[in-house]
Amino acid sequence: MILQSRFYKSKKLLLVEDCEPVRASIKGMLQQIGFEQITAVADATAALAHAKKQQFDFIVADFQLGEGKDASQFFAELKLHGWLKAGACFAIMSAEPIRQPVHGMLSGLPDCYLLKPFSYVELEKKLAKAFQTSIALRKIYQAAASADYQEAITQADEVVKQHPSLTLQALRLKAEVMLAAGDGKAALGLYQYVCQQRDFSWARLGQAIALLQLSRFAEAATQLQELLKQEELRPEALACLVQLALLQGELQEAKAWVLELLRINPTDNIYQQYYGNLLHLLGDDAAAIAYWQKLLQQYRFSAFDHIEPYLALGRSQLLAAQQADLASYSPLIKQFFDTVQSIPLKLLTAPGAVQQKIQLAQGYLLQGDGAKSAALQAEIAAFDGSLPLSSMLDLVRYHVACNDSMAAGELLKQANLLADTLSKNCQGLAPLVVQHFTTMLKASNQQLRQWQQQGGQQLQADKPKAALQLLRSAFLLCPAHSATSLQLLQALAMLPGHKALKPLASAVLQLLNTKALSSSERSKLTELTNSLPELYLD
């Protein structure tokens, strides 16, 4: 054994294996090695519950975990929530070879891979080596996590001096730290130096990424096209080509590369979102809606179910309802609520539940239920975690609907900062999404003012039917604008009662009656309510 059994005796280990006999066998091996504090579970859901309560020194997980997350998804969620102890060793087991990522060591990769079947001797050897490596590299990760990139580079140089056997890992990390620091020139030089010594795939891919950062697009494209020919590099080369196309504004080309990535891994939810968002950016909203619906039908109740398709579809349906005519509105708003309220409970983690509430709050506002919308907003405001960019933009829409331009503007600034950060991490779609959203929001605000002005003019000209159409459109964009709602109520009072208009009248009345109005607005509301057809007051 590399490490003595007493070393393992004090270490906490989490074993995740869905097959009970195999789980028992591996647990026996671990006990033979010297582990005593072993928590053995069958799936990622149970494993996450344990990882939330206590931190483990070792985590050994089978790649295929049956229903629920696979080991890679489990690993990503541990990192996301901060439940992976610094210096912990994460090992993935598999009966078949797994393609290991070539780039991304700095953001965190599993420490080792175990090919089944294996003996307890092989298991101990792998775990010991991975643990020792993790400890040796820990200071580099800690400095990088604190954005102290110069210290991270210094620590990488120290590892090369003190642990010559870890030179390659230290150089990989050092180059990625340089990229994180925005020093593409230094990173390119280091990758080229490594390639002069030996032709490593990670160094060749790193060169292409550094060239992208330096905006040397033609050279990057040439290198990436060459890397596409190698199976082990193809997925990451394709991902870089997506970013290259986005940086050059070639959305159709980016879409084609994303499709290639999805052919390799159809269940990759990141690039599923990329594809749907690219369809929206290209103006093909109908195709985007059809794509989100397809994903829901294909993966609902499976291990690959994800919250974003529900939210993306709900977002599209809500926007369509806001732009719909009177006949189409009710079916669309019903579809929206059906979609968002059908999100499976397993996806409604703390952030997921808040993402759902943001959309529901706006939906309730459109229906006139201001009290329910405000209650959800209070729960949203109490959330102290981070939200993905798409939900931050949903929250901007909600504040616009609430006629709170100050809160909307502040959130949009935060969304821009997040998009810039994501862009630096080679997620080039984020700035385009925010740019597209900002353009659409500006156009929407201009249209809102136009409808409000023209609606008022039509009322003055004693043309309530024309005013109703304009003011209804304005109300759907900004239900909480009291002046617009009162004018809309005035148009409804001037026209004969009609059952098709009853839901609209009810929503406007309900919303106005729950708002804090001025004395003159309250007086106007009373006057208009008394003038409305009785049909709307039932």
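Owing to the predicted nature of the structure, the values given are computational and were not obtained by experimental measurement.
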To the nearest 0.5 Å, atom CZ of Arg204 lies from atom CD of Glu226 at 9.5 Å
Review point. Does any non-hydrogen side-chain atom of Gln273 lie less than 4.5 Å from one of Pro309?
Key: no
Evaluate Gln359 against Gln355 for side chain to side chain donor-acceptor pair (under 3.5 Å), listing each step before the verdict. CA-CA 7 Å; Gln359 291 198 2; Gln355 290 175 266; over 6 Å; no
Worksheet item: Are more than 12 heavy atoms from other residues, nucleotides or ligands located less than 6.0 Å from atom CD of Gln446?
Response: yes
Taking Asn416 for its side chain and Leu412 for its backbone only, find out whether a donor-acceptor pair lies under 3.5 Å. yes
Rounded to the nearest 0.5 angstrom, the NZ-CG distance for Lys161 and Asp157 is 6.5 Å
Shortest non-hydrogen pair, Ala239 vs Tyr271, comes out as CB-OH, 3.2 Å
| said: For a quick check under 3.5 Å, do Asn265 and Thr267 share a side-chain donor-acceptor pair by atom type? | reply: yes
Scanning both residues in full, the closest heavy-atom pair of Trp83 with Ala51 reads CB-O, 3.8 Å
To the nearest 0.5 Å, atom CG of Asp43 lies from atom CD of Glu17 at 11.5 Å
Margin query: Quick check: do Gln362 and Asp394 have side-chain heavy atoms less than 4.5 Å from each other?
Written below: no
Tightest non-hydrogen contact, residues Leu418 and Leu387, listed as CD2-O, 4.1 Å
Do Leu393 and Val433 have side chains that get closer than 4.5 Å, going by heavy atoms?
yes
For a 4.5 angstrom cut-off between non-hydrogen side-chain atoms, does Asp268 reach Leu261? no
Tightest non-hydrogen contact, residues Pro344 and Asp305, listed as CG-OD2, 3.4 Å
*Could you walk me through whether Leu114 and Ile92 pass the side-chain contact (heavy atoms from CB on, under 4.5 Å) test, one step at a time?*
CA-CA 6 Å; Leu114 292 153; Ile92 290 181; over 6 Å; no
Keeping the roles fixed (side chain from Gln207, backbone from Leu188), state whether a donor-acceptor pair exists under 3.5 Å.
no
Task: Check: Val400 and Asn445 side chains under 4.5 Å, non-hydrogen atoms - done: yes
Problem set entry | Backbone N/O of Val340 and side chain of Gln356: donor-acceptor pair under 3.5 Å | yes
In terms of heavy-atom contacts, Leu14 and Phe56 come closest through N-CD2, 3.6 Å
Problem - Heavy-atom neighbours of Lys294 NZ exceed 12 at 6.0 Å - result: no
When rounded to the nearest 0.5 Å, the distance separating CG of Leu448 from CH2 of Trp451 is 8.0 Å
| Does atom NZ of Lys52 have more than 12 heavy-atom neighbours from other groups under 6.0 Å away? | no
Counting distance only, does the side-chain N/O of Glu176 pair as donor-acceptor with the main-chain N or O of Met105 below 3.5 Å? yes
Rounded to the nearest 0.5 angstrom, the CD-CZ distance for Glu96 and Phe63 is 10.0 Å
**Q.** Contact check, side chains of Cys195 and Phe200, non-hydrogen atoms, under 4.5 Å
**A.** no
message = Parallel, tilted or perpendicular, judged at 30° and 60°: which one describes the rings of Phe74 and Phe90?
response = tilted
message: What I'd like to find out is whether the side chain of Glu308 reaches to under 4.5 Å of the side chain of Leu311, using heavy atoms alone.
response: yes
**Item:** Backbone of Val102 reached by a side-chain donor or acceptor of Arg172 within 3.5 Å
**Value:** yes
inquiry  = Counting neighbours of CZ on Phe217 that are heavy atoms of other residues, nucleotides or ligands and sit closer than 6.0 Å, is the number greater than 12?
reply    = yes
Taking only Lys NZ, Arg NE, NH1 and NH2, and the carboxylate oxygens of Asp or Glu, determine whether Glu122 and Lys116 approach each other closer than 4.0 Å. no
Side chain Glu219, main chain Leu211, donor-acceptor under 3.5 Å = no
Next item on the list: State plainly whether the residues Arg263 and Glu260 are in salt-bridge range, i.e. N to O under 4.0 Å.
Entry: yes
Output for pair (Phe336 CZ, Leu318 CG), nearest 0.5 Å, gives 4.5 Å
Note to self: Under a 3.5 Å distance rule, please check whether Gln272 uses its side chain to pair with a backbone N or O of Pro266 as donor and acceptor.
What the structure shows: yes
| Ignoring hydrogens and geometry, is there a side-chain-to-backbone donor-acceptor pair from Ser328 to Ala324 under 3.5 Å? | no
Check: Asp148 main-chain N/O paired with Ser146 side-chain donor or acceptor under 3.5 Å:
no
Exercise. Hey, are the side chains of Met392 and Ile358 touching, using non-hydrogen atoms and a 4.5 Å cut-off?
Worked result: no
#### Entry: Parallel, tilted or perpendicular: rings of Trp202 and Tyr191 (30°, 60°)
perpendicular
* **Working for side chain to side chain donor-acceptor pair (under 3.5 Å), residues Thr133 and Gln169** => CA-CA 9 Å; Thr133 300; Gln169 288 98 317; 4.7 Å; no
### Task
Go through the steps to decide whether Gln230 and Arg234 satisfy the test side-chain contact (heavy atoms from CB on, under 4.5 Å), and finish with yes or no.
CA-CA 6 Å; Gln230 299 184 36; Arg234 186 170 175 79; over 6 Å; no
Is a donor on one side and an acceptor on the other found under 3.5 Å between the side chain of Ser391 and the backbone of Pro388?
-> no
In terms of heavy-atom contacts, Gly276 and Trp292 come closest through CA-CZ2, 3.5 Å
- prompt: Should the pair Lys255-Glu250 be classified as a salt bridge under the 4.0 Å nitrogen-to-oxygen rule?
  reply: no
